[in-house]
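Notes follow once the structure below has been shown.
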Amino acid sequence: MKRLDLVSAVAGIAVLAALVPKAFLPDAPVYRDVLTDLTLMRLGAVAKILFLGSATVFAHRTASAFEAGNPARLAWRLLGIGLLGFLLGQGYLAFFQFVLGRPSPYPSPADAGFIAGYPVLLAAFWSFIRAYRASGLPVGSARQHLLLALAATLAFVAIGAVALAPALAASAPPLEKALNTAYPAFDFLILIPLLILLRITIAFRGGRVWTIWAALLAGFVSMCAGDILYAYFSTLGQAWLEPILDALFVLAYILMAQATMKQFEAVRS
Amino acid sequence: MSKNEVLDALVVVLAPYLGETMARASARTHCEKLAIQGDEITTPQADALLGKLSSGLNVFIGRERTALVLQEMKTAVAARGGAS
């Protein structure tokens, strides 16, 4: 398991190292001759499928490793189901990017997978909060968590109004416009329980629980950042940012894979 | 048994999982909930404390791994004069 962990981390860093400089040095010889647009698109597609697939499998294996009746079992299962929706969506995109060698259409059936995954992920995160509060460990009271959720909601409504303005104002087809709004909106919704989970798990720093949750939370924050920035900048025509956005999604899935592997290792006796 | 010595021993066992801050906070919180006051802790009180800590840990690492950690905690308490 540790070897798989290490190999996936090294592979992930290599993919990120290939993607990120492209945003700043698009005309560098390496991007003209070796890491062409097609190569990078295929590389990104494979990396996303591998890491997201690993995260999905290990979330389900973790759920199964928890005994029946353990409240964390349901939470990990829901996380696995939500990630499966994303994996199906990503799989559809990868078919275009890797097999056909061309950018995937948007909107497409892939969006059904992603959109179906979000509510399940939301349910997963609230289940984690409920489970961890029921542990009896001093992870904060329901009142503290509620106040944090309210503060986050107010902040995200303000940020969302700015971030979604270009998507709402753009003259795009109705479905595309709806998706450009729905993705960031779901991301903001997901960030609310994630902030509470950050508040809970930061108290575990120094331990394995923190290592797992730091990676998982960073993964989802990276994914949300990718979605929100995509919605904001794509409508403004900032195409040069695409490698960065791609890298954010790859990074997100790497971190999710690392977290679920570590959690599975922690549960397995 | 000295309560502080027992708590220190439990923190050593729990810290790799919960982190030292949470391990110590959990032990102290459960002592308060179980009304374990003063500088001494009896064997039944230590057993009750171990039960609470392991049921909390269970949510994070599952029953099987928790059983191993519970055994470690019992050994650590026994080494300080408590029953295992």
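What you see is a predicted model; the values in this text were computed from it and never measured. Order of the sequence lines sets the chain letters (A, B, ...), proteins ahead of strands, with each chain counted from 1.
In this structure, the separation between CZ on B:Phe60 and CZ on A:Arg208 is 14.0 Å, given to the nearest 0.5 Å. Expressed to the nearest 0.5 Å, how far CG of B:Leu53 lies from CG of A:Leu137 amounts to 7.5 Å. In this structure, OG1 in B:Thr66 is found 7.5 Å from CD in A:Glu67, a value given to the nearest 0.5 Å. Atoms CE and CD1, from B:Met22 and A:Ile202 in turn, are 11.0 Å apart once rounded to the nearest 0.5 Å.
For B:Ala25, the parts sitting under 4.5 Å from any heavy atom of chain A are the backbone and the side chain alike. Of the two parts of B:Ser26, the backbone and the side chain both hold a non-hydrogen atom closer than 4.5 Å to a non-hydrogen atom of chain A. Proximity to chain B involves both the backbone and the side chain of A:Ala203, based on heavy atoms less than 4.5 angstrom apart.
Between chain B and the residues A:Gly206, A:Ser135, A:Ala75, the largest count of heavy-atom pairs under 4.5 Å involves A:Ser135. Across B:Ser55, B:Gly62, B:Ala23, the residue that shares the most heavy-atom pairs under 4.5 angstrom with chain A is B:Gly62.
Partners of A:Ala72 under the side-chain contact (heavy atoms from CB on, under 4.5 Å) rule, at least two apart in sequence or in another chain, are A:Phe66, A:Asn70, A:Trp76, B:Val59.
In this structure, the side chain of B:Arg65 engages the main chain of A:Arg268 through a donor-acceptor pair within 3.5 Å.
Open room surrounds CZ on B:Arg63; 12 or fewer heavy atoms of other groups in view lie less than 6.0 Å from it. Within 6.0 Å of NZ in B:Lys3 there are more than 12 heavy atoms belonging to other residues, nucleotides or ligands.
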